[in-house]
Amino acid sequence: MRTLILTPVPSYDRAMPTPTVELDAQYRQLREECGLVERPARGAIAVRGAGAAAYLQGQVTNDVEALGPGEGAYAALLDRKGHLQSDMRVLRPGEEPDLLLDLEPEPAPAVLRHLTMYSVGHEVEVADASGERALVSLIGPRSVELAGCAALPEHACEQVEHAGARCLAVGTAQGVDLLVPAGERERVVTALLEAGAALASEDAAEILRVEAGVPRFGRDMGPEAMPAEAGIVERAVSFEKGCYIGQETVARLHYRGRPNRHLRGLRLSAPARSGEPVRKDGKEVGRIGTAVVSPALGPIALAILRREAEPGDEVAVGEDGVTASVSDLPFG
């Protein structure tokens with residue numbers, strides 16, 4: 001087992017505390033073994049029918065028509081000016097053409113309304129599936145073993161069974177997500193804990209996400225941002241597929257333009273809070289998205305900053321004298 005070397009984090013008199021012993025232990029579990037994080041509040045939308053992929057192809061940024069059984073893709077829904085309305089995982093669980101969208105709970109109602117409204121005339125049925133399954137994340141080196149699935153590429157999926165319940169295993173960058181029938185959640189979680197997983201909080205999982213430089217909708221990116229500004233073009237956008245809402249703006253910015261803002265990392269001199277302003281030479285260049293205290297890296301944060309704040313620059317954060325060094329992502 002690889003030994004994780006942790007950098008001591010000094011104590012700061014700030015509203016956001018340094019990691020507790022419990023959080024530090026959870027972080028180690030996620031990095032070295034397998035932690036189980038329950039995520040009860042997820043949005044889910046089912047797009048069913050023979051025309052499901054063709055319909056979504058004209059709505060979202062990635063190539064969903066190319067998905068075969070057991071495959072998935074990361075994508076975004078944009079408005080006509082190319083601004084983010086939501087990001088999502090698009091999954092094709094089986095041989096059927098039906099697709100399942102997994103997304104953050106906050107934008108889910110608006111995405112459901114949009115997809116329902118524009119589905120008229122297509123061979124599809126759009127339905128809210130949020131209450132059908134619970135999401136359980138297994139994070140760490142033993143995740144595949146405990147999930148009982150193959151080593152899945154990110155967003156690929158396969159059916160597995162736990163405690164008699166049929167679950168959908170989905171590959172992630174840090175492990176495996178299990179979509180569990182809602183009524184079987186407690187039984188499946190108990191079985192996974194008995195098999196060797198350890199409960200971990202979402203706070204601990206957020207530290208790993210920030211370290212990896214992955215933005216989260218509603219925290220680090222939202223309707224004011226474009227995919228290029230949020231740093232998700234490489235993962236979420238296909239430039240080979242046909243038209244979709246917002247495509248013209250995304251393509252023009254990619255081939256001819258330069259984003260006015262970029263997702264950056266911040267190495268902080270002390271913990272910060274979400275929403276605090278970031279200033280360079282007295283001018284506001286952005287605001288803190290997610291801020292955490294990493295046991296390995298100390299206080300760090302994600303922020304979409306104006307392009308004049310480049311990696312290596314020093315910036316001021318908030319009103320309490322906190323400073324930060326702008327960093328490329330992921331954090332090294």
Crowded around E154 CD? As in, over 12 foreign heavy atoms under 6.0 Å?
yes
Quick check: does any side chain N or O of D220 sit under 3.5 Å from a backbone N or O of T290, one acting as donor and the other as acceptor?
yes
Test salt bridge (Lys or Arg N to Asp or Glu O under 4.0 Å) applied to D203 - qualifying residues, sequence neighbours left out
none
Does this structure show an ion pair linking K280 with E308, if we count only N-O contacts that are shorter than 4.0 Å?
no
Taking all atoms of both residues into account, what is the closest heavy-atom pair of P215 and A230, and its distance?
CG-O, 3.5 Å
Just say parallel, tilted or perpendicular for the rings of Y255 and F239, cut-offs at 30° and 60°.
perpendicular
Going by an N to O cut-off under 4.0 Å, is there a salt bridge joining D177 and R89?
yes
Salt bridge between R287 and E284, side-chain N to carboxylate O under 4.0 Å?
yes
Looking at residues at least two apart in the chain, or sitting in another chain, which of them share a side-chain contact (heavy atoms from CB on, under 4.5 Å) with L168?
L91, P93, R133, C157, Q159, V170, L179
Let's go through Y27 and E211 carefully: what are the C-alpha distance in whole Å and the side-chain angles of both, what is the deciding distance for side-chain hydrogen bond (donor to acceptor under 3.5 Å, both in side chains) to 0.1 Å, and is it a yes or a no?
CA-CA 12 Å; Y27 175 86; E211 289 177 345; 2.7 Å; yes
Salt bridge between E206 and R219, side-chain N to carboxylate O under 4.0 Å?
yes
Any R273 side-chain heavy atom under 4.5 Å of D320 side chain:
yes
With a 4.5 Å limit on heavy-atom distance, are the side chains of V47 and D98 in contact?
no
K241 and D63 ion-paired at < 4.0 Å
no
Looking at E234, I want to see if its CD is surrounded by more than 12 non-hydrogen atoms of other residues, nucleotides or ligands under 6.0 Å.
no
Should the heavy atoms of other residues, nucleotides or ligands under 6.0 Å from CZ of R307 be counted, would the total exceed 12?
yes
Does a salt bridge link D328 with R264, judged by any charged N lying under 4.0 Å from a carboxylate O?
yes
Is E104 paired with R42 through a side-chain N to carboxylate O contact shorter than 4.0 Å?
yes
